[in-house]
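These numbers come from a predicted model, not from an experiment. Residue numbering restarts at 1 for every chain, and letters A, B, ... go by the order of the sequence lines.
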Amino acid sequence: MKIYNTLTGRKETFVPLAAGSVNMYVCGVTVYDVCHIGHARSAVVFDAIRRYFHYRGYNIRFAKNFTDIDDKIINKAAHDGIPWDQVAEKYINKYYEDMHRLGVQDADLEPRATGHIREIIDIVKGLVEKGHAYVIEGDVYFSVPSFPGYGKLSGRRLEEMLAGARVEVDERKKNPMDFALWKSSKEGEPAWESPWGPGRPGWHIECSAMVLKHLGETIDIHAGGADLIFPHHENEIAQSEAYTGKPFVRYWMHNGFITVNREKMSKSLGNFFTVEEILQRFDPESVRLFLLQTHYRSPIEFSNEPLEEAEHTLERFYQSLERLEDFLILPAGKLESVPPGFEDEEGILVSFKKRFMQAMDDDFNTALAIGHIFELIKEINRFLDAKPSGARAGEMMSRAKQELAEAANVLNVFNRTPAQWQRALLQIKKIELDETSIERLIEERRQARAQKDWKRADEIRAELDAKGITLEDKTGSTAWRVKI
RNA sequence: GGCGGCGUACCCAAGUGGUAAGGGAGAGGUCUGCAAAACCUCGAUGCAGCGGUUCGAAUCCGCUCGCCGCCUCCA
């Protein structure tokens with residue numbers, strides 16, 4: 001298994017600290033507002049990666065935090081006139097709601113900053129004692145020059161950063177790059193008691209504290225959005241390694257951004273689309289597929305078109321799956337006939353599994369893995385086109401279904417039944433007809449067709465079409481689909 | 001200014017040395033009462049441009065052009 005490690009800038013063979021186990025920490029969200037699609041990308045991507053580790057038999061401990069105290073939360077609380085902890089609670093709940101819809105599994109551990117104040121204080125105290133941090137008027141700062149490795153993750157040197165001169169200058173700090181570990185609270189702000197007076201943790205320290213407490217001094221993987229590389233993750237390394245004297249993280253993983261008009265989607269630019277509003281227009285599975293169809297480190301340009309394409313892609317998948325299932329429920333024909341050219345279908349299945357794993361093993365290439373799924377789909381369609389029959393053909397197709405289900409389970413897309421997909425479309429496309437009335441019209445049309453009353457049959461078809469339902473006449477029955 | 005990334009068909013996108021996956025759109029075909037959908041087939045002699053290394057380059061090196069990100073809160 002190979003993972004691109006931001007620390008080295010290379011793909012490296014993944015060797016976990018303890019054989020067979022993975023300790024993984026993902027930076028979650030600061031809960032001061034609803035999630036946009038960029039947050040969703042990070043969550044979905046690392047969810048798929050986590051599922052793949054599990055599939056590969058690793059015993060994975062997966063932690064994802066909530067930053068539930070910070071300036072933005074305090075500002076939001078003041079703005080909305082509600083207590084800061086209610087702001088946090090509200091958006092944590094909203095996060096769960098959005099992510100569950102997108103098929104993101106809860107982490108094994110979901111620690112919150114405010115639940116680790118004691119641990120944070122212990123680390124800050126330790127850093128002060130070791131001379132890596134200093135106290136000024138109730139604030140505690142980490143002394144960046146005291147940590148020689150500073151800049152190793154983001155690939156920059158201290159002198160260069162100072163030259164940039166975009167750093168806000170706080171005269172009290174010994175070095176402009178020094179960052180807050182502990183911030184004293186003003187009157188009326190949330191505060192916890194500490195050796196330096198009432199205050200709250202700085203942003204970076206919570207992650208160090210939670211990693212240390214729940215996963216250990218050195219963990220296998222730490223992940224998050226690429227915008228966290230500097231300063232957040234750089235600072236985490238500095239404070240953690242200065243404190244423990246041990247390497248903090250073995251593999252750093254960072255996902256790429258979502259862009260709008262080629263610009264990074266962000267709150268400050270105002271060019272963001274919330275998960276909620278996207279899910280009003282698209283089925284969650286379409287969104288998840290859209291996110292996984294591009295490699296996690298590449299940028300994704302956001303617009304309707306690729307989401308609509310993802311819908312078509314799913315339609316194609318479920319059409320084929322339905323066809324496969326139709327074949328499987330049919331009694332196996334007496335005639336043993338595997339069409340010529342398909343004798344080695346089992347070999348194709350074996351190679352599918354191999355290629356799927358190869359793709360995922362290569363830095364979690366979900367885009368390629370999905371490509372392989374469609375190669376298999378094409379193969380299955382060709383096989384069924386050739387009108388196979390008999391027990392062996394049945395076994396081969398049931399094995400194919402099994403293989404597809406396994407891959408689908410890892411990605412958590414292509415994971416429903418064709419009927420569930422159609423029902424979901426009925427809802428998301430806001431079709432005014434329900435299943436029963438559609439079935440009733442189909443039955444009426446069937447009778448018309450039996451009497452060769454083509455005019456009436458065509459009328460019904462046109463009527464359904466106008467309402468967004470397409471009919472598909474198969475031998476002996478008629479299926480309906482939501483037009484997309 | 002410093003550091004990093006990207007540029008593959010009409011669109012999206014995988015591919016980091018061995019002769020261009022996959023999806024969407026399009027064209028042709030099969031099926032059909034006719035349709036539609038679906039399915040099958042086709043589709044880049046070519047990977048921003050130029051030069052170099054190599055038996056061999058989208059992949060490595062150099063230069064040029066264009067775009068983006070980080071350096072400040074950010075997934």
Side-chain angles (χ1 to χ4, degrees), chain A residues 6 9 11 26-30 32 35-46 70-72 151 154-157 159-168 177 203 223-232 234 254-259 262-269 272 289-290 293-295 297-301 303 305-317 319-320 322-323 355 359 362 365-378 380-382 384-386 449 452-455 457-458 461-462 464-465 470-475 479-481 483-484:
Chain A
T6 308
K11 273 188 207 169
V26 180
C27 280
V29 290
T30 301
Y32 72 104
C35 290
H36 64 237
I37 184 77
H39 299 110
R41 181 181 193 187
S42 184
V44 164
V45 152
F46 293 117
D70 127 306
D71 289 354
K72 287 196 290 280
S154 50
R156 39 192 115 208
R157 285 181 313 210
E159 315 85 74
E160 288 167 353
M161 285 187 270
L162 293 175
R166 285 178 67 188
V167 193
E168 142 219 1
M177 294 310 294
W203 174 35
D227 44 4
L228 298 180
I229 295 170
F230 191 90
H232 184 53
E234 196 69 71
H254 294 97
N255 66 275
F257 301 125
I258 293 192
T259 58
R262 319 204 75 214
E263 265 186 328
K264 180 189 169 187
M265 182 185 290
S266 74
K267 281 273 162 67
S268 46
L269 286 168
F272 59 91
L289 179 63
F290 160 72
Q293 256 176 329
T294 302
H295 184 90
R297 283 190 287 117
S298 304
I300 302 183
E301 169 72 12
S303 69
E305 200 181 312
L307 279 164
E308 281 160 8
E309 284 178 10
E311 232 166 34
H312 279 103
T313 305
L314 282 163
E315 177 68 15
R316 172 163 150 83
F317 178 87
Q319 283 270 9
S320 299
E322 186 172 30
R323 197 175 169 209
R355 281 178 303 155
D362 185 10
N365 195 335
T366 53
L368 183 58
I370 289 166
H372 291 327
I373 288 176
F374 278 92
E375 283 170 8
L376 180 56
I377 284 291
K378 179 183 264 188
I380 290 166
N381 279 323
R382 289 184 53 209
L384 294 175
D385 272 358
R449 290 180 79 210
K452 297 209 186 312
D453 181 358
W454 308 125
K455 187 165 168 285
D458 290 353
R461 185 166 65 196
L464 283 167
D465 185 79
T470 307
L471 294 188
E472 182 187 330
D473 293 329
K474 305 189 206 178
T475 31
W480 61 268
R481 318 209 152 271
K483 263 203 299 191
I484 55 174

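One C1' atom belongs to B:A38, the other to B:A48, and the distance between them is 38 Å to the nearest Å. Spacing of P atoms, B:C60 relative to B:G66, comes out at 22 Å, to the nearest Å. Using C1' as the reference atom, B:A44 and B:U8 are 9 Å apart when rounded to the nearest Å. B:G28 and B:C68: their P atoms are spaced 40 Å apart (whole Å). Rounded to whole Å, the separation between the C1' atoms of B:A9 and B:G2 comes to 37 Å. Only the P atoms considered, B:U45 is 15 Å distant from B:C50, to the nearest whole Å. As rounded to the nearest Å, B:A37 and B:G29 have P atoms that lie 15 Å from one another. Taking atom P in both B:G52 and B:C47, the straight-line distance is 16 Å, to the nearest Å.
Comparing B:A75, B:G23, B:U16 against the side chain of A:T313 picks out B:G23 as the nearest. You'll find that the side chain of A:D362 is closest to B:U16, out of B:U16, B:G24, B:A36.
Between A:F317 atom CZ and B:A38 atom P the separation is 16 Å, expressed in whole Å. The interatomic distance linking A:I377 (CD1) with B:C39 (C1') rounds to 12 Å, in whole Å. Spacing between atom CG of A:N365 and atom P of B:G22 amounts to 15 Å, rounded to whole angstrom units. Remark: C1' of B:G22 and CG of A:L289 are 11 Å apart, rounded to the nearest angstrom. In this structure, the CD atom of A:E234 is 14 Å from the C1' atom of B:G4, given to the nearest Å. Rounded to an integer number of Å, the gap from A:E315 CD to B:A38 P is 7 Å. Rounded to whole angstrom, the span from the NZ atom of A:K72 across to the P atom of B:C73 amounts to 9 Å. Put simply, CZ on A:F374 is 7 Å from P on B:G24, counting in whole angstrom units.
Relative to the ring axis of A:F230, A:R156 places its NZ or CZ within 45° and under 6.0 Å from the centre. With A:Y32 as the aromatic partner, A:K267 meets the cation-pi criteria of under 6.0 angstrom to the ring centre and within 45 degrees of the ring axis.
Counting heavy atoms from C-beta on, the side chains of A:Q293 and A:T366 never come closer than 4.5 Å. Proximity of A:D453 to A:K455: side-chain heavy atoms (C-beta onward) are separated by under 4.5 Å at one or more points. A:R355 has its side chain out of reach of A:I373: every pair of non-hydrogen atoms, C-beta onward, lies at least 4.5 Å apart. At a threshold of 4.5 Å between non-hydrogen side-chain atoms, the residues A:R323 and A:N381 count as touching. Taking 4.5 Å as the limit, some side-chain heavy atom of A:F374 sits within range of a side-chain heavy atom of A:R316.
No side-chain N or O of A:R41 forms a donor-acceptor pair with one of A:N255 less than 3.5 Å apart.
Under the Watson-Crick or G-U wobble criterion, with both distances below 3.5 Å, B:C60 is paired with B:G52. Across all strands shown, B:A20 remains unpaired; no Watson-Crick or G-U wobble contact has both distances below 3.5 Å. The pairing partner recorded for B:C67 is B:G5, the criterion being a Watson-Crick or G-U wobble arrangement whose two distances lie under 3.5 angstrom. B:U45 is unpaired under the Watson-Crick or G-U wobble criterion, no partner having all donor-acceptor distances under 3.5 Å. With both pairing distances under 3.5 Å, B:U30 is matched to B:A38 as a Watson-Crick or G-U wobble pair.
The shortest distance between the side-chain N/O atoms of A:R316 and the OP1/OP2 oxygens of B:A37 is not below 4.0 Å.
Between the side chain of A:E472 and the main chain of A:W480, no donor-acceptor pair closer than 3.5 Å is present. A donor-acceptor distance shorter than 3.5 angstrom exists from the side chain of A:K483 to the backbone of A:D465, with no hydrogens or angles considered.
Residue-level contact check: A:G224 touches the backbone only, with heavy atoms under 4.0 Å from sugar-phosphate atoms and none from bases. The residue A:N255 sits close to a base: some heavy atom pair falls under 4.0 Å. Looking at heavy-atom distances under 4.0 Å, A:I229 makes no contact with the nucleic acid at all. Residue A:G225 is in sugar-phosphate contact alone, with no base atom involved, counting any heavy-atom pair closer than 4.0 Å across all strands shown. Within 4.0 Å (heavy atoms only), A:K378 reaches sugar-phosphate atoms of the nucleic acid but no base atom. Counting non-hydrogen atoms under 4.0 angstrom, A:E472 reaches a base of the nucleic acid. Across all strands, A:I258 comes closer than 4.0 Å to base atoms (heavy-atom distances). Among the heavy atoms of the strands, none lies under 4.0 Å from A:G9.
Nearest-nucleotide assignment on RNA chain B puts the 5′-proximal partner with A:S154, out of A:S154 and A:L471.
Interatomic distance, CZ of A:F317 versus CD1 of A:I370, reported as 10.5 Å (0.5 Å rounding). In this structure, the separation between OG on A:S298 and CZ on A:F257 is 13.0 Å, given to the nearest 0.5 Å. Taking CZ of A:R297 as the reference point, atom CG of A:N365 lies at 9.5 Å (rounded to 0.5 Å).
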For nucleotides 29-34 of chain B, which of its nitrogen or oxygen atoms have a protein nitrogen or oxygen under 3.5 Å away, and what is each distance?
| unit_1 | atom_1 | unit_2 | atom_2 | d |
| --- | --- | --- | --- | --- |
| B:G33 | N7 | A:R449 | NH2 | 3.3 |
| B:G33 | O6 | A:R445 | NH2 | 3.4 |
| B:G33 | N1 | A:D458 | OD1 | 3.0 |
| B:G33 | N2 | A:D458 | OD2 | 3.0 |
| B:C34 | O2 | A:R461 | NH2 | 2.9 |
| B:C34 | N3 | A:R461 | NH1 | 2.9 |
| B:C34 | N3 | A:R461 | NH2 | 3.1 |
| B:C34 | N4 | A:R461 | NH1 | 3.2 |
| B:C34 | N4 | A:D473 | OD2 | 3.2 |

Atom pairs under 3.5 Å, N or O on each side, protein against nucleotides 5-13 of chain B: can you list them with distances?
| unit_1 | atom_1 | unit_2 | atom_2 | d |
| --- | --- | --- | --- | --- |
| B:C11 | O2' | A:E305 | OE2 | 3.4 |

Using the 3.5 Å cut-off, write out each protein N or O paired with an N or O of nucleotides 66-70 of chain B and the distance between them.
| unit_1 | atom_1 | unit_2 | atom_2 | d |
| --- | --- | --- | --- | --- |
| B:C67 | O2' | A:R262 | NH1 | 2.2 |
| B:C67 | O2' | A:R262 | NH2 | 3.3 |
| B:C68 | O3' | A:R262 | O | 3.4 |
| B:C70 | OP1 | A:K264 | NZ | 2.9 |
| B:C70 | O2' | A:R156 | NH2 | 3.1 |

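Within a 6.0 Å sphere centred on NZ of A:K474, other residues, nucleotides and ligands contribute more than 12 heavy atoms.
With A:I37 as reference, A:I258 is the one residue of A:V44, A:I258, A:I300 to meet the side chain to side chain contact (heavy atoms under 4.5 Å, CB included) rule.
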